[in-house]
Every structure is written in C-alpha cells, then in structure tokens.
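So the structure is just underneath, and the comments pick up after that.
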Amino acid sequence: MTSGENRRADFARKIAWQLYRCGQSSKTDLVRQLGISLPTVLQNVRALIEHGVVRQDGQMQSRGGRRADVLTLDGESRFALGADVTRNHLSLVAVDLRGVLRWHERLALPFACGEEYPERLREAALAFLVRHEIDCGRVLGAGVSLPGILSADGRTLTDSYALGANGYSLEMLERGLPFPMLAVNDANAAALAERRLLPPESNMIYLSLSNTVGGAIFNGSALYTGDHGRAGEFGHMPVVPDGRVCYCGKSGCFDAYCSALRLSAPYGGRLADFFDALARGEDPAHDLWREYRRYLVLMCSHLRMAFDCQVTLGGYVGAFLEPYMGEIRREAARMDLFEASGEYVRCCHYKTEAAALGAALLHIERFLDTL
C-alpha cells in the first residue's frame, strides 16, 4: 500500500471500530467523535458500504433541520462462530458483525482427546449453522474457548484439569472445524465479552466462579497474560493457610472455598437449586451462602488492593448474583481501606455463554483490524 492508501485504510478502520463500540452513529457524529473531516468520513463510509461492512439504517431523531442518516455495521454481512468446550457439554453461539449474540445452544457433547471429538464438533457446528440459516461463506471463523492454560502461540492446551488434557494439540480441533480457528482460555474469553461493555480506557478484573475458579486481567483494552500465560489464576491463590485441600493438591486455595461446586454439591450438582433454596430462606442454604460470601468478598478485597480497578463477578455463580450484590458490596465496603463503597464489585452482564461469545468476538475484532 502507498502512504495515502494506508491513511485511508486507517480512517476506515477507525470508523468501523467506532460503529462497533457505539452501535450506531451519523456522519456528522463520526466527524466529532473521531476528529476527522467530513469529506474523509463521507469517502470512507461510502467505501465501507460498498464493501458490505456498513449500512444505512433509517434516520436519527430530528435535532432541528434535516434528519441525519443512521449508520451501523451490517450485522447480516458476516458472522463468527463461538464454541465453549467443557468436560460434558459444548456451547455454540453465532455473533454478527456488530458483536451481537444472535443464537446460542448448549449440547451434551463430552470432551475426549481422541480423533472422534473434532469430527463431532464439526458436525455440531455445521448443524447449528444450518438450523439458523447462516451461510458458511459469511462466517469469518470459529473462536474456541477452553478451560485451561494455552501455549503462547495458542496451538496447544498445555494444562487442563477440567478436561483431563495436558499437552493437547489444538490442531486436532482446527482440522475438525470448517473455518479458521482461534483458541482462548475460557475465563479470558468471558472477560473479553464483559470488557467490551466498558470504556476503552477502563481497567477490569474478571473473576470466573464456575466449577473451577479462574479470571482475567485487563489493563485498559489489553489483556494481561503474564510471562507464562498463567495470569489470572486466582483460584490457586491461598486464602486460608493450611485450609481445605484444593483439587490441585495444595491447601487453602480460593478455589476450594468459592468454586460453584461449593454451592451446588449439597443440591445434587444443581446450582439453581441452591439459589432457589437461598431465596426461600432455608437455613442450610443461608449458612452456606454466608461462608461462601465471606471468602468471595475477601478475594475481591485482595484484588481491589492489588489492581485498584473494577472487579466483575462472572462464571456459573456470577449469573445468579444480581439479587445479592447489595450485601456483597456492603461487606466489600467494610474491607476497603480507601473508600467507604463496594461499588467496584460488579455482577457480570452476560449470564450465559459469555465464554463462547468472547471467543467469537476475537474473529469479529480481527476482521475489523484488517479493513
């Protein structure tokens, strides 16, 4: 590309990213939001419309004078597939170019390290697309969320207790899928979905409270993964010296106190049944919740002190926490040295399929970066 072509491509990317972040805009609003001239906006919007990336979608409400055209990304033009792989299930989502989750399904598909699983994954993905009438030619790729630690190049699942897989080559999955694949840790993927709802400069800790506990760290819009890709393994931070034995073999890990299993195990593994019992005011559920909440707030306080930013509670447990955020925040406030407020603790926005959504968004955002 010439320098002029590079500049035009940069303007087109900025416009597409602005529409992705804000949902819709007008040409004059883009001038103000991006600080570029109206002729430059007009030229690049026209090119993006011709490229099938942007479309006009009605008109803005009148502010006096002629009503401006509404510009949005053309959600129907391209999709990304998201897959969240767990020990016993597979979640599939379709996300359009605007980053909107359009369809999702959860299937009983136990993970296995052999040759059969990639083929079953492929069959499930293609059947999902057929059911929702999505043309494979409009699919940018498949993002796959996995519970465990990935190698720096994203080609190997180096360690996954949840799947019973260590050193598992992800080329097997990629060969099974009919689209380009990007793999990501499940907590990182869910955090990517939640992070998109915040201003670009915001920092965030995501705490994934599922059958194992993990998390993710965002410094602004950048995901911090650490020197070995293990950043955010909050579940294995000791909170009780010589405490309960964790599945990792150590004692006192946060995971041993705040995994979803702590709440669901006495209720036949059904987390919803625990929260139903808690809502009914049953004493065993109340006692269990009081203990769980104590350690949860303790970890939130540690994370706040270490990172000085918002802490988002997600995972299986996070999906049920909205009615209990008041009491969580009150306890968090009592532990805060600097502020008499627990507002830094937030409940996740996405109650289901956050990891699959975040994995799919990797392809949407990569596409926007290539415009």
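Just so it is clear, the model here is predicted, and its values are computed rather than measured.
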Short side-chain to backbone donor-acceptor contact, [X] and [Y], under 3.5 Å:
| X | Y | result |
| --- | --- | --- |
| D255 | S259 | no |
| R55 | I49 | no |
| S160 | P147 | yes |
| R262 | L288 | no |
| R195 | P199 | yes |
| R230 | I149 | no |
| R13 | L371 | yes |
| Y292 | C258 | yes |
| Y117 | P110 | no |
| N188 | V184 | no |

Quick one: do [X] and [Y] make a salt bridge, cutoff under 4.0 Å?
| X | Y | value |
| --- | --- | --- |
| E194 | K351 | no |
| E174 | R155 | yes |
| E105 | R131 | yes |
| D287 | R290 | yes |

Quick one: are [X] and [Y] in side-chain contact, heavy atoms under 4.5 Å?
| X | Y | answer |
| --- | --- | --- |
| Y224 | F218 | no |
| V45 | L71 | yes |
| I36 | N44 | no |
| Q24 | L19 | no |
| Y168 | L150 | no |
| F320 | F274 | no |

Is R120 positioned over the aromatic face of F111, cation under 6.0 angstrom from the ring centre and no more than 45 degrees off axis?
no
Would [X] and [Y] count as having a side-chain donor-acceptor pair, cut-off 3.5 Å?
| X | Y | answer |
| --- | --- | --- |
| R196 | Y20 | yes |
| S91 | E353 | yes |
| D84 | S145 | yes |
| T158 | T156 | no |
| E327 | W289 | yes |
| S202 | Q310 | no |

Applying side chain to side chain contact (heavy atoms under 4.5 Å, CB included), can you list everything that pairs with D336, at least two apart in sequence or on another chain?
R304, F338, E339, Y344
Under the rule for side chain to side chain donor-acceptor pair (under 3.5 Å), what residues qualify as partners of R175, not counting sequence neighbours?
none
Are F367 and H363 an aromatic pair by the rule of ring centers under 6.0 Å?
no
H236 ring center near Y247 ring center (under 6.0 Å):
yes
Does D369 have more than 12 heavy atoms from other residues, nucleotides or ligands lying within 6.0 Å of its CG?
yes
